[in-house]
Amino acid sequence: MPETASHTVSRRLATGAVVVAGEVTASDLALWLAGLTRIAATSPGVAPGTSPVDAYMRAEMVAVDVPVRDLTGLVGAPRLALLRPMVARLQDTRVRLMGLSDAEAQACLGWETVGRQALAPGEPERTCILPREPERADETAALWFPGKLAAEAHVTNDTEAQKPVPPVAFDLAAVGRMRSRYSPLLYLRALAWLSGPVPLRSGWGKRFVAKGRCEIRVPLPDAGLLIGVDALRRKADIERLALGPAKADLAAAGINLHVEWIRLAGYAQVFTHLALTVSLSARKPGAAAPAPKLRKVRLRPRTPAAPAIREDELPY
């Protein structure tokens with residue numbers, strides 16, 4: 001995995017979250033993952049014998065505290081006001097969860113402010129969630145998520161499974177630098193495919209075609225589910241709008257992506273499957289591309305041309 005990877009989510013979320021409605025941007029999804037990774041790493045107070053996943057599945061909504069400066073720094077927003085439309089777009093976005101429940105959920109339920117307030121006259125102030133949006137960059141935001149989305153993201157889906165596997169580790173800062181809305185979820189999928197077993201739908205196939213190179217092949221109607229945005233159906237749209245821009249984003253994050261459209265035998269223009277091959281890049285994520293090598297050329301001294309001879313100077 002990339003050396004800068006420091007945030008984790010479950011394999012269920014990394015491979016099974018699909019945007020089915022909404023106009024989110026890559027920065028919106030970076031903010032979304034900033035909250036979910038904090039939920040995924042926390043252990044709520046639960047009764048003995050109850051897992052965090054069970055507790056979140058029963059909860060209608062879950063809040064997680066995130067410093068506002070962390071969010072503005074992540075997405076490169078110089079002012080707090082630029083975060084408000086991001087949260088609004090996430091509230092208008094629907095996400096399909098193909099893991100625990102195969103159901104849809106709202107991507108985010110909103111945000112409020114973590115502050116200190118006396119709950120009753122005469123009582124001392126205590127830390128609580130204030131019913132207002134953050135107003136200053138030095139405040140802490142409480143991001144609200146649906147309980148089943150929090151359950152889907154929690155790492156105990158992997159670490160406490162019948163056959164424990166590591167959760168998906170990724171570089172959140174690399175997600176914050178992405179430009180295409182189709183890149184963040186495809187980035188999580190690529191890391192999940194490369195790092196261990198993943199749940200596969202019927203008709204999907206995964207294989208390692210070489211050391212460090214993994215191929216996922218799916219029927220063409222499932223191409224949108226594979227990349228994480230189900231609104232795209234046509235091959236031309238998937239190639240031009242999603243996979244083309246995502247290649248550059250994933251390359252900057254340390255992932256090589258190769259796309260292959262599988263044709264029906266004997267039909268040049270009939271495609272049946274989409275195959276994505278991913279591998280880790282030798283270049284560190286975020287590093288500048290190597291400078292082109294300069295070829296040394298030995299210059300020979302220029303021989304001056306002979307003076308021109310006029311016709312009247314010829315010897316004949």
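- In this view, S180 satisfies the side chain to side chain donor-acceptor pair (under 3.5 Å) rule with no residue, not counting sequence neighbours.
- Note on ring orientation: taking the six-membered ring where Trp is involved, the planes of H154 and Y56 are tilted (angle from 30° to 60°).
- No side-chain donor from either of R179 and T25 sits under 3.5 Å from a side-chain acceptor of the other.
- Remark: E152 does not engage K148 in a salt bridge, criterion side-chain N to carboxylate O under 4.0 Å.
- Side-chain N or O atoms of R189 include one that pairs as donor or acceptor with a backbone N or O of L226 at under 3.5 Å.
- The residues R213 and E215 are annotated as not salt-bridged, no charged nitrogen and carboxylate oxygen being separated by less than 4.0 angstrom.
- Ring orientation note: the planes of F170 and Y187 are nearly perpendicular, at an angle over 60° on the 30°/60° scale.
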Apply the test side chain to side chain contact (heavy atoms under 4.5 Å, CB included) to residues E104 and V20: give CA-CA distance (whole Å), side-chain angles for both, the deciding distance (0.1 Å), then the verdict.
CA-CA 8 Å; E104 290 186 14; V20 294; 3.8 Å; yes
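- Between D70 and R38 there is a salt bridge, since at least one side-chain N of the basic residue sits less than 4.0 Å from a carboxylate O of the acidic one.
- No donor-acceptor distance shorter than 3.5 angstrom exists from the side chain of D65 to the backbone of A142, with no hydrogens or angles considered.
- Counting non-hydrogen atoms of neighbouring residues, nucleotides and ligands closer than 6.0 angstrom, the CZ atom of R201 exceeds 12 such neighbours.
- When the options T272, L276, I262 are evaluated for a side-chain contact (heavy atoms from CB on, under 4.5 Å) with R217, the one that passes is I262.
- Ionic pairing of R89 and E23 is not present here: no N-O contact between side-chain nitrogen and carboxylate oxygen is shorter than 4.0 angstrom.
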